Amino acid sequence: MRAARLAAAIGAAALLALGCTACDGGDSAAPSGGGSQATSELNGIQSTLDSIESDMAGDGSP
């Protein structure tokens, strides 16, 4: 069950990354302030993945 949660979280992170890439409207220039927003989003994703990894480490199943 926890493996399914991990796979779902990884899939959600991948979809988020693809969605952010696709929604830039094809502009070659990055919007001002977009770097800090992307960093914040990536930090949130990393936090979620760390939490899932911690949950799985305490599970005891392989």
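Being a predicted model, the structure only gives us computed values, none of them experimental.
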Item to check | side chain to side chain donor-acceptor pair (under 3.5 Å) involving E41 - partner list, sequence neighbours excluded | outcome: Q37
Checklist entry - Under the side chain to side chain contact (heavy atoms under 4.5 Å, CB included) test, which residues partner A9, sequence neighbours left out? => result L49, I52
Next on the checklist: So, using side chain to side chain donor-acceptor pair (under 3.5 Å) as the criterion, who are the partners of D50 when residues are at least two apart?
Outcome noted: Q46
